[in-house]
Amino acid sequence: MANTSAIRPTAQIGVTGLAVMGSNLARNFARHGHTVAVHNRTHARTQALVEEHGHEGEFVPAERAEDFVASLERPRRIVIMVKAGEPTDAVIDEFAPLLDQGDLLIDGGNAHFQDTRRREAALRERGLHFVGCGISGGEEGALHGPSIMPGGSAEAYRALGPLLEDIAAKVDGEPCCTHIGPDGAGHFVKMVHNGIEYADMQLIAEAYDLLRRVAGYPPEKIAETFGTWNQGRLDSYLIQITAEVLSHTDPGTGRPFVDIVADRAEQKGTGRWTVQSALDLGTPVSGIAEAVFARSLSGHTELRAACRELPGPTRPELHPDDAHRFADQVEQALYASKIVAYAQGWDQIQAGSREYGWDIDPAAIATIWRGGCIIRARFLDGIRKAYAGPAADRPVTLLVDSEFQQALAEAQQAWRHVVGTAAELGVPAPGSAAALAYYDALRAERLPAALIQAQRDYFGAHTYERVDRTGSFHTLWGGDQSERSA
Ligand code: NBP
């Protein structure tokens, strides 16, 4: 091994992987007075960081991994900010042999939580701590204060938590960072965060579409409407940026910016992962699923072109006199649908927590998402309050928390009207409609699942349970239709 004895261990934390996220995170640590060791596979990035931002704090640049490791205080804390997947494994394989018992490797990338569980178990065998750490807020957040979701052991959090809490966003003096739970809990929660983000964006997009195509508002007026909503209970980063985007004019054409953007949305890993995991856990996150599918549908250019001439309703747009009232109803539908989407996300977090033994505190998640991350919103205070009590008193779902229940009760007529109008006028609103269907399904005294069970028994002898007796039963459908205990 190369000689590193001349290097003094002066850095409290190291960051390897200095693309946009890593360098901003390193700068954030340095700006908070921490000495930061910095390293990147291609050394030019390390040099560029120190040249451009070296004056912001104490950086210890290293070209070789050995020198980088030698510059760190013990236990060594190394944040990996490289592309998720194979690059993360490559970096772990490079650094693990250079570390000692009790050192920490922290993956701040967007890893799948199952990869994190695998890596944590393998490194624990070697006496190393592995912290899968969700970081939300994009590049701005990384620099000015992200929402941070670290998993891993409680011991690892004791060594790392104070540093992360230092650089995290703060709301009412509280850091947007907490120990989420063991092994993959942090990356799991970050994944669901992104899933909820998908659902929220879809619902906002549907509200925009309805204001445009049903109320007949131009983008500028919709921007104003969103601006007003942002002063109320929908106050959130996503509503705020929506208003800004909608008020923007394309400098090249003079047209509303939203009209010159191609209407094909990306659906990268995390939204899809959230739905895949929800299917495994048996948690109906229909709002998130509809949002992922809506993005996927938008990208099917040929399919959409082939279907453009399919007939739609002939009814005219809403009368302008009714537009204002309709806009108010859209606000109510958006709020109600948002409650459902978040309720589903929290259900998934708690289902994951039970499945993997993570003991996640649902109130703490609401607390750390109030700042720094993309779904930051006033709304999260209500969720925090709903889950604030002891575990035994937590609501089964946010829908039955007294305040949310009240809000749903007040909104439901408008919500139904908006979903009905959308269907009647041929404007797709899959997120809002799915949210309402979820609400109504949970309210129903009887679901047609009874008929499905009977069908299954008919063609596959799958058996059914009865409402009036315990046990499993099968009807001899092809015979005398008598019933047998199964
Ligand atoms: P990228 O995801 O674009 O990754 C680029 C970095 O990975 C560079 O430092 C590159 O080194 C390094 N790298 C690669 Br690629 N393969 C490597 C290998 N085999 N060994 C060592 N290093 C390797 O960077 P980013 O956009 O800053 O994101 C970093 C992580 O943060 C990702 O996991 C991302 O999903 C996550 N994240 C991003 C955002 C965001 O808003 N961008 C938000 C939250 C989380 P090189 O310079 O030598 O090529």
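Reckoned from all heavy atoms, side chains included, excluding hydrogens, waters and symmetry mates. Start at 1 and go down the list; that is how both ligands and their atoms are numbered. If you read the sequence from its start, that first residue is 1, and numbering goes on from there.
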Novice: By number and element, which atoms of ligand 1 are closer than 4.0 Å to a non-hydrogen atom of Lys83?
Specialist: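 In order of numbering, the contacting atoms are 2 (O), 4 (O), 7 (O), 15 (Br).
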Novice: For atom 16 (N) of ligand 1, tell me which residue out of Pro87, Gly137, Ala44, Pro146 has the closest non-hydrogen atom.
Specialist: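 Result: the heavy atom closest to atom 16 (N) of ligand 1 is in Pro87.
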Novice: Is Lys338 positioned over the aromatic face of Tyr335, cation under 6.0 angstrom from the ring centre and no more than 45 degrees off axis?
Specialist: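 No.
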Novice: For atom 32 (C) of ligand 1, what's the nearest protein heavy-atom neighbour? Residue, atom name and distance, please.
Specialist: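 Checking every protein heavy atom, the shortest distance to atom 32 (C) of ligand 1 gives Val82 O, 3.4 Å.
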Novice: Is it true that Asp209 and Arg213 have a side-chain N and a carboxylate O under 4.0 angstrom from each other?
Specialist: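 Looking at Asp209 and Arg213, the cut-off is met.
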Novice: So which protein heavy atom does atom 34 (C) of ligand 1 come closest to, and at what separation?
Specialist: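 Closest protein heavy atom to atom 34 (C) of ligand 1: Asn110 N, 4.1 Å.
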Novice: For ligand 1, indicate whether the residue Thr16 contacts it via side chain, backbone, both or neither (heavy-atom separation under 4.0 Å).
Specialist: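 Neither; no heavy atom under 4.0 Å.
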Novice: Return the residue, atom name and 0.1 Å-rounded distance of the protein heavy atom closest to atom 24 (O) of ligand 1.
Specialist: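 Protein heavy atom at minimum distance: Ala19 CB, 3.5 Å.
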Novice: Can you see whether Gln350 engages Tyr387 through a side-chain donor-acceptor pair at a distance of less than 3.5 angstrom?
Specialist: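 Yes, side-chain donor-acceptor contact under 3.5 Å.
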Novice: Just need the protein heavy atom nearest to atom 41 (O) of ligand 1, so name the residue and atom and give the distance.
Specialist: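 That would be Gly138 CA, 3.3 Å.
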Novice: Give the residue, atom name and distance (to 0.1 Å) of the protein heavy atom nearest atom 17 (C) of ligand 1.
Specialist: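 The closest one turns out to be Arg41 NH1, 3.3 Å.
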Novice: Both conditions, 6.0 Å and 45 degrees, for the charged tip of Arg376 above the ring of Tyr237: are they met here?
Specialist: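 Yes.
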Novice: Any luck finding a side-chain donor-acceptor pair between Ser432 and Glu206 under 3.5 Å?
Specialist: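 The criterion, which ignores hydrogens and geometry beyond distance, is satisfied for Glu206 and Ser432.
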Novice: When you measure from atom 29 (C) of ligand 1 to every protein heavy atom, which one gives the shortest distance, and what is it?
Specialist: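 Ranked first by proximity to atom 29 (C) of ligand 1 is Met81 O, 3.6 Å.
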Novice: Pick one of side chain, backbone, both or neither for how Met21 approaches ligand 1, counting any non-hydrogen atom pair under 4.0 Å.
Specialist: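 Contact part for Met21 vs ligand 1: both backbone and side chain.
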Novice: Could you find the nearest protein heavy atom to atom 9 (O) of ligand 1 and give me its residue, atom name and distance?
Specialist: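 It is Asn40 OD1, 2.7 Å.
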Novice: In terms of atom number and element, which parts of ligand 1 are under 4.0 angstrom from non-hydrogen atoms of Gly17?
Specialist: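 Checking each atom against Gly17, I get 9 (O).
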Novice: So is Ala90 polar-close to ligand 1, meaning N/O to N/O under 3.5 Å?
Specialist: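 No - when backbone and side-chain N and O of Ala90 are compared with those of ligand 1, no distance drops under 3.5 Å.
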Novice: Please name all residues satisfying side chain to side chain donor-acceptor pair (under 3.5 Å) with Arg264, sequence neighbours left out, ordered by chain then number.
Specialist: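 So Arg264 forms no side chain to side chain donor-acceptor pair (under 3.5 Å) with any residue.
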Novice: Under 4.0 Å between a Lys/Arg side-chain N and an Asp/Glu carboxylate O for Asp183 and Arg124?
Specialist: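 Arg124 and Asp183: not salt-bridged.
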Novice: Side chains of Ser337 and Trp415: any donor to acceptor distance under 3.5 Å?
Specialist: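 Their side chains do contain a donor-acceptor pair, which is all the 3.5 Å distance test asks for.
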Novice: Indicate, as side chain, backbone, both or neither, the part of Leu18 found under 4.0 angstrom from ligand 1 when only non-hydrogen atoms are considered.
Specialist: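 For Leu18, only backbone atoms sit under 4.0 Å from ligand 1.
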Novice: According to the ring pair (Phe, Tyr, Trp, His ring centres under 6.0 Å) rule, which pairs have a member within residues 120-158, sequence neighbours left out?
Specialist: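 For residues 120-158: Tyr157-His179.
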Novice: Ring of Phe379, cation from Arg233 - is the NZ or CZ under 6.0 Å from the centre and inside 45° of the axis?
Specialist: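 Pair Arg233/Phe379 does not count as cation-pi.
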Novice: Hey, which atoms in ligand 1 end up nearer than 4.0 Å to a heavy atom of Ala84?
Specialist: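 Those qualifying, in numeric order: 33 (O).
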Novice: Check each atom of ligand 1 against the heavy atoms of Val91 and keep those under 4.0 Å away; list them by number with element.
Specialist: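 This gives 20 (N), 21 (C) as the contact atoms.
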Novice: Classify the ring geometry of Trp229 against Phe226: parallel below 30°, tilted from 30° to 60°, perpendicular beyond 60°.
Specialist: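 The rings of Trp229 and Phe226 stand perpendicular, inter-plane angle above 60°.
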Novice: Using a 4.0 Å heavy-atom cut-off, say whether Thr42 meets ligand 1 through its side chain, its backbone, both or neither.
Specialist: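 Both backbone and side chain.
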Novice: If you have a sec, work out which protein heavy atom is nearest atom 47 (O) of ligand 1 and how many Å separate them, to one decimal?
Specialist: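 For atom 47 (O) of ligand 1, the nearest protein heavy atom comes out as Arg45 NE, 2.5 Å.
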